[in-house]
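Protein chains get the first letters and strands the later ones, always in sequence-line order, with residue 1 at the start of each.
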Amino acid sequence: MLSTKDNQDLSLIGPGTLMGNFMRQFWIPACASRELEPDAAPMRLMLMGEKLVAFRDSEGRVGVLDHLCPHRCASLFFGRNEKSGLRCAYHGWKFDVEGNCLEMPNVPDKFDFSPKVKAKAYPVRERNGLVYVFMGDPASIPPLPEIDALMLPENEVDIFLMQRECNWLQSAEGDIDTSHFGFLHLGLVDDEDVDHDNIHAASVLDRAPEYFCKDAQWGTTYCAFRPAPQDDMTHYRFSHFQFPFFTLFPDGTFEDNMVVTCNVPMDDTHTMVVVVTYKKREEALRTRKDGSAIPGLEIDAAGTGVPMIPNDAGWFGRFRGERRASNDYLIDRAAQKSDNWSGIETVVGQDQAMVESMGALVPREFEHMAPSDIMVARTRRRLLKAARAYAEKGVLPEVQTDVALSHNLRSGTFLAPKNLDWVAAYKEKVAEMQKV
Amino acid sequence: MVQITIQDNMGVTKEVLDAEDGTNLMRFFVENGVDGIDGDCSGCMSCATCLVLVAEEHRDLLPPASEEEAATIAALTEHTVAEGYRLSCQIDAPKGLASLTLTVTEDEDVF
């Protein structure tokens with residue numbers, strides 16, 4: 001159980017909060033590059049509880065500014081994005097991507113004080129299809145994160161964005177709650193439905209594995225382990241949490257499962273999930289041994305084909321699924337009785353329903369965690385300690401600056417000899433992978 | 001009121017707290033942010049994240065551990081009730097006990 005204070009310290013991310021201050025010291029994936037066209041309308045960007053506007057100028061540079069014009073606080077959302085800057089609609093003041101005031105056309109030249117005025121602007125970088133924003137201490141800007149999936153060229157990955165109407169932490173916890181997989185997603189798939197030689201069949205054949213879990217330099221790491229059908233082997237399914245909100249989900253084969261979910265807080269009760277997946281990765285169990293699709297699982301984590309409501313310009317108008325709380329995620333009770341455990345379509349929709357149904361902020365005082373929740377519990381403690389260490393001593397986790405710690409961090413499934421301990425099994429697997 | 005002294009495994013006092021008689025110790029420690037007491041399962045005896053080592057002189061002053069508590073400690077930790085380990089979720093601050101000394105070890109297990 002968490003105390004009310006610990007729960008709030010973990011969950012709330014506005015300016016000045018414990019977790020908000022901590023998270024702001026990391027680069028935050030704020031939107032996809034494809035959302036911003038040169039000289040197009042500025043986009044409302046709700047990020048970390050702050051109302052911002054994002055725009056791409058005539059030269060292709062991206063700016064992220066407070067949406068309030070520093071003149072008389074009209075919203076720059078209504079501004080004109082033209083000729084290398086964003087011009088406020090009210091009095092024509094113009095700002096570049098760094099917030100510099102370029103023009104003050106309603107003021108006579110002799111009174112022009114534009115060099116003294118700056119719109120609140122955050123540092124921005126763009127890489128491989130994502131726009132990152134840094135909202136922390138400008139005196140110590142770290143390198144961009146180097147998780148494998150984020151280092152792949154844009155044409156080799158799928159970048160899927162989906163808004164969740166809940167706090168960021170329960171969203172992140174969903175990815176490291178491994179034991180839900182054999183129930184929520186595969187609950188009505190039977191032993192005889194699956195090819196027992198398929199390495200991913202373990203999720204069906206043994207739904208109550210045991211777990212190991214440890215703190216790691218990047219955050220936390222766990223594995224589920226079960227005896228493999230091969231006598232002298234153990235079946236491992238690894239997954240990681242990386243500070244401050246990244247999860248590497250295990251739904252695939254270790255070698256090519258380059259994936260990451262960025263659980264980006266929009267505000268305390270809305271999260272933008274940014275999922276980056278290697279296009280050529282082999283997915284885990286999606287079909288039965290006769291080749292037929294497992295009901296409900298036709299759509300994968302890359303999000304291709306998830307039905308979405310068209311985006312609008314509102315603060316929460318981006319990337320909303322059609323299956324949502326207001327329509328109970330279009331649950332099909334007949335399907336739930338026959339062949340789809342949850343009655344909800346798609347892995348994405350099933351996860352969305354569970355994490356949003358906890359409420360916008362989870363009252364964790366009411367929980368009763370099982371040994372299978374060890375990763376969730378440990379990750380909370382790791383986060384709390386790290387955020388408090390920053391608040392009290394100004395110390396941040398190594399991975400904030402030593403971004404190479406994420407290189408070759410992989411999640412997914414593999415077999416290893418039974419006599420190895422789990423950490424050794426992981427390290428040997430990574431070493432073996434690097435030789436190829 | 002029971003005065004509870006929390007020590008680390010070197011015997012150094014980390015905290016001294018006053019608990020009302022009858023207060024559940026795990027809940028009291030979680031509410032007071034005692035490091036190393038997590039109470040993940042909220043008192044169901046299924047996680048052992050509220051493990052404490054009771055000072056030798058205080059062991060007999062507490063109600064004895066149930067078979068289930070002893071089995072949980074044996075299954076999920078490297079310790080036993082015989083060595084003085086208890087789940088703090090199974091202990092309410094005993095009425096009439098003036099002081100209680102407990103050792104709490106923080107789990108720093110790095111990959």
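- Counting only residues at least two apart or in different chains, salt bridge (charged side-chain N to carboxylate O under 4.0 Å, His left out) contacts with residues 58-71 of chain B comprise B:Glu69-B:Arg86.
- Within residues 11-29 of chain B, the residues approaching chain A closer than 4.5 Å by heavy atoms are, in numerical order, B:Met26, B:Arg27.
- At a 4.5 Å heavy-atom cutoff, the contact between A:Tyr426 and chain B is made by side-chain atoms alone.
- More than 12 non-hydrogen atoms from other residues, nucleotides or ligands lie less than 6.0 angstrom from CD of B:Glu83.
- The line from CH2 of A:Trp422 to CZ of B:Phe111 is 5.5 Å long, rounded to the nearest 0.5 Å.
- Contact annotation for A:Arg381: only side-chain heavy atoms (C-beta onward) come within less than 4.5 Å of a heavy atom of chain B.
- Residue-level contacts of residues 34-52 of chain B with chain A, in order of numbering, are B:Asp38, B:Gly39, B:Asp40, B:Cys41, B:Ser42, B:Cys44, B:Ser46, B:Thr49; threshold 4.5 Å between heavy atoms.
- Interface residue A:Leu2: only backbone heavy atoms are found under 4.5 Å from chain B.
- Heavy-atom proximity under 4.5 angstrom to chain B picks out nothing from residues 389-419 of chain A.
- Proximity to chain B is absent for every atom of A:Arg364, based on heavy atoms less than 4.5 angstrom apart.
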